[in-house]
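Since the structure comes first, as structure tokens, the remarks are kept for the end.
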Amino acid sequence: MAKRVDPVRGFVRRGGLCWSRDGSALRSRGGEMVGVGSLGGGRRGGEVGQWKCRERERGGAGASVRVGFKGHWHRSVVASARSSGSARQEEVEHGVVAEGCVNGDAGNGAAASSNEGSISGLILPPLMTVGKSTNILWQGCMVKREDRQRMLNQKGCVIWITGLSGSGKSTLACTLDHALLQRGKLSYVLDGDNVRHGLNNNLGFSAVDRAENIRRVGEVAKLFADTGIICIASFISPYKKDRDACRSLMGAGDFIEVFMDVALEVCEQRDPKGLYKLARAGKIKGFTGVDDPYEEPQEAEIVMKAVNGVYASPQEMTVQMLAYLEENGFLRGD
Ligand SMILES: Nc1ncnc2c1ncn2[C@@H]1O[C@H](COP(=O)(O)OS(=O)(=O)O)[C@@H](OP(=O)(O)O)[C@H]1O
Ligand SMILES: Nc1ncnc2c1ncn2[C@@H]1O[C@H](COP(=O)(O)OP(=O)(O)O)[C@@H](O)[C@H]1O
């Protein structure tokens with residue numbers, strides 16, 4: 001049976017079998033994907049490794065097994081396994097995987113390049129370069145986001161609250177978080193001040209550092225959403241391009257931008273931490289709204305602003321947020 005590198009899927013296609021690009025594992029062309037996981041009773045080739053996938057040929061007669069593990073990968077068709085009837089035998093393939101598990105394509109939508117192909121007869125998986133990370137491969141898992149969402153009876157998303165210091169971001173984030181808990185929904189607040197105590201404690205408030213702060217938070221928020229959690233991110237996030245980059249990490253509709261449209265004078269009057277006073281006194285440089293820019297969102301999903309000069313209370317805003325989540329299906333798991 002001829003081997004060839006599939007230019008689209010980026011890996012070897014042999015017979016009816018090819019690598020899947022859905023981030024999960026391998027798929028049989030026309031066959032039924034069974035999943036990724038361990039296979040009891042099957043044959044395990046090569047060194048100690050990790051089973052990646054079991055798939056059944058159309059009709060379910062034979063159990064076709066592929067194995068991928070760090071160092072080497074191996075594929076064979078197991079005649080016994082669990083299926084009844086006549087299992088189809090195929091030849092065994094071996095290849096070498098540099099530093100990665102053979103498991104298909106990156107499922108994170110990141111821009112990446114691939115070093116696919118074959119060298120000296122060795123069949124190589126589609127190792128990726130993402131940023132400064134070279135020779136990496138996306139590791140898929142059996143349990144999917146949909147499974148977690150069904151279990152939690154909700155849908156993961158990112159509620160991104162942006163606005164000046166003192167505009168009420170943290171108050172809304174915590175009030176909403178609590179209201180969701182009372183409804184039996186799981187959420188988690190990522191707050192600027194808190195994240196800067198740990199993960200981002202090496203970042204200051206220059207434009208570059210703020211961009212990196214927001215980039216990291218966007219990635220973390222995306223992971224939370226992938227777990228099925230309603231992630232509430234509360235950050236000044238003054239630059240549109242940084243907020244838009246976070247939005248682009250998420251699926252359509254899963255990034256809910258909330259703009260706390262509160263006048264600078266009001267924020268300054270509130271000034272619960274005394275930061276505006278320090279900034280006005282020149283003791284803090286580059287303070288947002290004072291001597292550092294804030295780019296207002298133009299297309300936020302939700303804008304919290306004064307009506308007839310009166311700002312809604314955090315509780316009223318929370319009711320509005322809950323209604324949005326309800327209407328858009330985030331409080332159901334199906
Ligand atoms: N120079 C300067 N500008 C703005 N804010 C400052 C600054 N220095 C310290 N702080 C405190 O840091 C909190 C904002 O952190 P963020 O991570 O949300 O900022 S950013 O999104 O990276 O711009 C912010 O918290 P909030 O008041 O809750 O917004 C401030 O307490
Ligand atoms: N909707 C609101 N109306 C009036 N005051 C508010 C409201 N939300 C928050 N505050 C008050 O404003 C101050 C700043 O709120 P905070 O949530 O810390 O803002 P931020 O996180 O944007 O800096 C706090 O003293 C808080 O009690």
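Both backbone and side-chain heavy atoms feed into the values below; hydrogens, waters and symmetry mates do not. Each ligand, and each atom within it, is numbered from 1 in the order the structure gives.
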Would you list the atom pairs, donor with acceptor, under 3.5 Å between side chains in residues 324-334 and any protein atom, with sequence neighbours excluded?
| from | atom 1 | to | atom 2 | distance (Å) |
| --- | --- | --- | --- | --- |
| N328 | ND2 | Y324 | O | 2.8 |
| R332 | NE | D334 | OD1 | 3.4 |

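Counting atoms of ligand 1 from 1 in the listed order, those under 4.0 Å from a heavy atom of T288 are 3 (N), 4 (C). Below 4.0 Å from some heavy atom of N213 lie the following atoms of ligand 1, by number and element: 16 (P), 17 (O), 20 (S), 21 (O), 22 (O). Atoms of ligand 1 found under 4.0 Å from any heavy atom of S165, numbered from 1 in the order shown, are 26 (P), 27 (O), 29 (O). Which parts of ligand 1 touch F287 is read off a 4.0 Å heavy-atom cut-off, strictly below it: atoms 1 (N), 2 (C), 3 (N), 4 (C), 5 (N), 6 (C), 7 (C). Every atom of ligand 1 is numbered from 1 in the order shown, and the set under 4.0 Å from a heavy atom of I214 is 21 (O). Remark: ligand 1 atoms within the under-4.0 Å shell around heavy atoms of F235 are 17 (O), 18 (O), 21 (O). Residue G286 approaches ligand 1 through these ligand atoms, each under 4.0 Å from one of its heavy atoms: 1 (N), 2 (C), 3 (N).
Under a 3.5 Å cut-off, the side chain of Q154 and the backbone N or O of L186 do form a donor-acceptor pair. Under the 3.5 Å distance criterion, the side-chain polar atoms of K285 are matched with a main-chain donor or acceptor of G282.
Checking R145 against T227 by side-chain atom types alone, no donor-acceptor pair falls below 3.5 Å. Side chains of T175 and T318: no donor on one and acceptor on the other come within 3.5 Å. For the 3.5 Å distance criterion, the side chains of S187 and D177 qualify, holding a donor opposite an acceptor.
Just one residue in the list Q149, R150, K144 forms a side-chain hydrogen bond (donor to acceptor under 3.5 Å, both in side chains) with D147, and that residue is R150. Exactly one of N213, N202, N201 qualifies for a side chain to side chain contact (heavy atoms under 4.5 Å, CB included) with R196. That residue is N213.
Cation-pi geometry between R210 and F235 is not met at under 6.0 angstrom from the ring centre and within 45 degrees of the axis.
The shortest separation from a heavy atom of L275 to ligand 1 is under 4.0 Å, placing the residue in contact.
Sorted by chain and number, the residues within 4.0 Å of ligand 2 by heavy atom are L164, S165, G166, S167, G168, K169, S170, T171, R270, P272, A312, S313, P314, M317.
When the shell of 6.0 Å around CD of Q269 is examined, it contains 12 or fewer heavy atoms from other residues, nucleotides or ligands.
Considering only non-hydrogen protein atoms, atom 21 (O) of ligand 1 sits nearest to S237 N, 2.8 Å. Ranking protein heavy atoms by distance to atom 8 (N) of ligand 1, first place goes to F205 CE1, 3.4 Å. Of all protein heavy atoms, the one closest to atom 3 (N) of ligand 1 is R210 NH2, 3.1 Å. The protein atom (non-hydrogen) at minimum distance from atom 29 (O) of ligand 1 is K169 NZ, 2.9 Å. Among all non-hydrogen protein atoms, the one lying nearest atom 31 (O) of ligand 1 is K273 NZ, 2.9 Å. The single protein non-hydrogen atom nearest to atom 14 (C) of ligand 1 is I236 CD1, 3.6 Å, given as residue, atom name and distance. Here the heavy atom of the protein found nearest to atom 13 (C) of ligand 1 is D193 OD1, 3.7 Å. For atom 16 (P) of ligand 1, the nearest protein heavy atom (residue, atom name, distance) is R196 NE, 3.6 Å.
With a 4.5 Å cut-off between side-chain heavy atoms of Ile, Leu, Val, Met, Phe, Trp and Tyr, the cluster of L164 takes in I236, F259, L264, L275, Y276, L278, I284, F287, V290, Y294, V303.
Considering only residues two or more places apart in sequence or on other chains, D191 meets the salt bridge (Lys or Arg N to Asp or Glu O under 4.0 Å) condition with none of them.
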**Request:** List the steps, then state whether salt bridge (Lys or Arg N to Asp or Glu O under 4.0 Å) holds for E268 with K277.
**Result:** CA-CA 8 Å; E268 203 161 346; K277 276 190 195 65; over 6 Å; no
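Taking all atoms of both residues into account, the shortest heavy-atom contact from S237 to I214 is CB-CD1, 3.7 Å.
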